[in-house]
Amino acid sequence: MSDIKTKFINDPEQITPELLEGYTLAYADQVKLAGENIVVRTHPKDESKVAIVTLGGSGHEPALSGFVGEGMLDCSVVGDIFAAPGAQRLFQALQLMKREAGILLVVLNHSGDIMSANMACQLAERAGIKVKQIVTHDDISAGIDANTDDRRGLAGCVPLYKIVGAAAEEGKSLDELIEIGERYNNQVATLAVAMHSCTHPQNGATITDLPEGIMEIGMGQHGEGGGGQKPLVSADDTAAEMVDLLCQQLKPKAGDKMMLIINGVGATTHMELNIIFRKAYKELEARGLQVVVSRIQEILTVQEQAGFQMIMAILDEDHIDYLKNKRSDAPYWTTIGK
């Protein structure tokens, strides 16, 4: 039994397999386990179509396995809490997904994920498995002029799953998916803010110390700092500052069609997220920008961290179509379609 008294868990070493077992039991019509910590679609798509695979640590639920399903991911390879899965486990998943059409591997820009992905792809190449990568790097906290290699992957990966997953269902080739996905990847930006850090569920340690009344714009995926601490201000002031920083990065022009998603990271109420969205929407509207795709949802959490991620993108017409009008049936991103 666990000595940690702040979470409903059992053995800290069994958190990942137990949460995946519970998840796949709850959504058995959509997802199942196909090996240790490998989540796949219960009803796989035809092997004539490209498979979409991703990887990442647990502790961010519903990400990333919550987006396995029709029109999104075919497979999610799960690591331990806040840790990348090993290259061998990812290679096992690539073997399961092997097909003539190939595999698109979506990788968030974190050192462990990159290392596992590169090693697994080398093994896949030797085994005759066709796989190509897209690396997401939407976090702008490193600064506007920062190299993309220095930018972390945040929750902006989730709309990408929807875009390339829908395109794959249409029968687009692997090279076509790379082109579609990279266009989105180059037009998306995310910024995270926190006012209370999370604790690690296996040892109870606090990731970052944030005193009461202090917030940090630029927090990372695992509760690590990134932008500098400052006094907590109102929802409107926080949203306006973040919209300005994101627009400085994306440089949208009046008339551009935008995506705006407010992602709760664990302990922020939907009341607060709605208030934040309201101001962010009005800020974009005042710039002559049209929000055509929007969500207020927890799509990637950081345990019980209090805060949110603001995800913004300039959308091309095909991206809008894939996000709004193409069916998906992943448990945490169901879209009926038109």
**Q** Does atom NZ of K282 have more than 12 heavy-atom neighbours from other groups under 6.0 Å away?
**A** no
**Q** What's the verdict on side chain to side chain contact (heavy atoms under 4.5 Å, CB included) for Q202 and D80, showing C-alpha distance, side-chain angles and the deciding distance?
**A** CA-CA 10 Å; Q202 289 180 311; D80 204 352; 3.4 Å; yes
**Q** Is it true that D74 and R41 make a salt bridge, defined as a side-chain N closer than 4.0 Å to a carboxylate O?
**A** yes
**Q** Indicate whether the side chain of E61 and that of Y23 have a donor and an acceptor atom separated by less than 3.5 Å.
**A** no
**Q** Can you tell me which residue among L177, I180, V107, L160 is in a side chain to side chain contact (heavy atoms under 4.5 Å, CB included) with I134?
**A** L160
**Q** Quick one about D256 and Q290 (side-chain donor to acceptor, distance below 3.5 Å, no hydrogens or angles considered), yes or no?
**A** no
**Q** Quick one: does any side-chain atom of T42 pair with a main-chain N or O of V31 as donor and acceptor, under 3.5 Å?
**A** yes
**Q** Show the nearest heavy-atom pair for residues I52 and A168, with the distance to one decimal.
**A** CD1-CB, 4.1 Å
**Q** Between atom CG of N274 and atom CD1 of I296, what is the distance when rounded to the nearest 0.5 Å?
**A** 4.0 Å
**Q** Got a salt bridge between D316 and K257, using NZ or NE/NH1/NH2 to carboxylate O under 4.0 Å?
**A** no
**Q** Report yes or no: do E176 and S173 form a side-chain donor-acceptor pair below 3.5 Å?
**A** yes
**Q** Does any N or O in the side chain of R99 come within less than 3.5 Å of the main-chain N or O of K49, such that one atom is a donor and the other an acceptor?
**A** yes
**Q** Output the distance between atom CG (L20) and atom CD (E36), rounded to the nearest 0.5 Å.
**A** 10.0 Å
**Q** Can R327 and E169 be counted as an ion pair, charged N to O under 4.0 angstrom?
**A** no
**Q** Check the pair I214, M195 against side chain to side chain contact (heavy atoms under 4.5 Å, CB included), reporting the backbone distance first and the verdict last.
**A** CA-CA 6 Å; I214 297 295; M195 61 177 174; over 6 Å; no
**Q** Quiz question: by atom type and distance under 3.5 Å, do the side chains of T54 and Y161 form a donor-acceptor pair?
**A** yes
**Q** More than 12 foreign heavy atoms under 6.0 Å from CD of E125: is that the case here?
**A** no
**Q** Of the non-hydrogen atoms in A155 and I311, which two are nearest, and what is the gap between them?
**A** CB-CD1, 3.6 Å
**Q** Any chance you could measure H196, atom NE2, to E216, atom CD, to the nearest 0.5 Å?
**A** 14.0 Å
**Q** Determine whether H137 and N186 satisfy the following criterion, side chain to side chain contact (heavy atoms under 4.5 Å, CB included), listing intermediate values before the conclusion.
**A** CA-CA 9 Å; H137 39 68; N186 292 326; 4.3 Å; yes
**Q** Take a 6.0 Å sphere around CD of E21 and say whether it holds more than 12 heavy atoms from other residues, nucleotides or ligands.
**A** no
**Q** Given the rule that I, L, V, M, F, W and Y join up when any side-chain heavy atoms are under 4.5 Å apart, are M119 and I103 in one cluster?
**A** no
**Q** Do M242 and I276 have side chains that approach each other closer than 4.5 Å (heavy atoms only, starting at C-beta)?
**A** no
**Q** Could you tell me how the ring of F82 sits relative to the ring of H200: parallel (under 30°), tilted (30 to 60°) or perpendicular (over 60°)?
**A** perpendicular
**Q** Does any donor atom in the side chain of S234 or D236 lie under 3.5 Å from an acceptor atom in the other side chain?
**A** no
**Q** Answer yes if the side chains of Q309 and D139 hold a donor-acceptor pair under 3.5 Å, and no otherwise.
**A** no
**Q** Is the shortest side-chain N to carboxylate O distance from E241 to K230 below 4.0 Å?
**A** yes
**Q** Got a donor-acceptor contact below 3.5 angstrom from the N185 side chain to the G181 backbone?
**A** no
**Q** Treat each ILVMFWY residue as a node, draw an edge where side-chain heavy atoms are under 4.5 Å apart, and state whether Y332 and L323 are in one component.
**A** yes
**Q** Can you tell me how far apart CE (M97) and CD (Q92) are? Round to the nearest 0.5 Å.
**A** 10.5 Å
**Q** Are the side chains of M258 and I314 in contact, using a 4.5 Å heavy-atom criterion?
**A** yes
**Q** Can you tell me how far the CE atom of M259 sits from the NZ atom of K162, to the nearest 0.5 Å?
**A** 12.5 Å
**Q** Less than 4.0 angstrom from a charged side-chain N to a carboxylate O is my criterion; do D321 and K326 meet it?
**A** yes
**Q** Heavy atoms, side chains only, cut-off 4.5 Å: are I114 and V135 in contact?
**A** yes
**Q** Under a 4.5 Å cut-off applied to non-hydrogen side-chain atoms, are I261 and P159 in contact?
**A** yes
**Q** Looking at G59 and Q303, what are the two nearest heavy atoms and their distance?
**A** O-NE2, 3.0 Å
**Q** Could you tell me if the side chain of F67 sits less than 4.5 Å from the side chain of S76, heavy atoms only?
**A** no
**Q** Quick check: does any side chain N or O of T334 sit under 3.5 Å from a backbone N or O of D329, one acting as donor and the other as acceptor?
**A** no
**Q** Between A306 and T268, which heavy-atom pair has the shortest distance, and what is it?
**A** C-OG1, 3.4 Å
**Q** Indicate, with yes or no, if V39 and W333 share a hydrophobic cluster defined by side-chain heavy-atom contacts under 4.5 Å among Ile, Leu, Val, Met, Phe, Trp and Tyr.
**A** yes
**Q** Under a 3.5 Å distance rule, please check whether E272 uses its side chain to pair with a backbone N or O of T269 as donor and acceptor.
**A** yes
**Q** Count I, L, V, M, F, W, Y as connected when their side-chain heavy atoms are under 4.5 Å apart, and connections chain through other members. Are V50 and L90 then in the same cluster?
**A** no
**Q** Return the minimal non-hydrogen interatomic distance between G264 and E298, and the atom names on each side.
**A** O-CG, 3.4 Å
**Q** Output yes when a side-chain donor or acceptor of D138 lies under 3.5 Å from a complementary backbone atom of G153, and no otherwise.
**A** no
**Q** Look at the side chain of N263 and the backbone N and O of I299, then say whether any donor-acceptor pair between them is shorter than 3.5 Å.
**A** yes
**Q** Determine, for E304 against K7, whether the closest basic-nitrogen to carboxylate-oxygen distance falls under 4.0 angstrom.
**A** yes
**Q** Heavy atoms, side chains only, cut-off 4.5 Å: are L154 and L300 in contact?
**A** no
**Q** Are E47 and K98 ion-paired here, with the side-chain N under 4.0 Å from a carboxylate O?
**A** no
**Q** Is there a side-chain contact between L105 and K132, using heavy atoms and a 4.5 Å cut-off?
**A** no
**Q** Tell me whether S116 contacts the main-chain N or O of P85 through its side chain, where contact means a donor paired with an acceptor under 3.5 Å.
**A** yes
**Q** Testing the 3.5 Å rule here: is there a donor-acceptor pair between the side chains of S141 and R152?
**A** yes
**Q** Is the backbone of G79 close enough, under 3.5 Å, to the side chain of N37 for a donor and an acceptor to pair up by distance?
**A** no
**Q** Do M310 and V243 have side chains that get closer than 4.5 Å, going by heavy atoms?
**A** yes
**Q** To the nearest 0.5 Å, tell me how far L284 CG sits from C247 SG.
**A** 5.5 Å
**Q** Between L245 and L191, what is the shortest heavy-atom contact and its length?
**A** CD1-CD2, 3.6 Å
**Q** Could you check I262 against R295 for side chain to side chain contact (heavy atoms under 4.5 Å, CB included), going step by step and ending with a plain yes or no?
**A** CA-CA 6 Å; I262 305 300; R295 280 193 175 228; over 6 Å; no
**Q** Is there a donor-acceptor contact under 3.5 Å from the side chain of H60 to the main chain of T301?
**A** yes
**Q** Is the shortest side-chain N to carboxylate O distance from D318 to R183 below 4.0 Å?
**A** yes
**Q** Report yes or no: do L104 and L96 belong to one cluster of Ile/Leu/Val/Met/Phe/Trp/Tyr joined by side chain heavy-atom distances under 4.5 Å?
**A** no
**Q** When you check the gap from the basic side-chain N to the acidic O, do D244 and R287 get nearer than 4.0 Å?
**A** yes
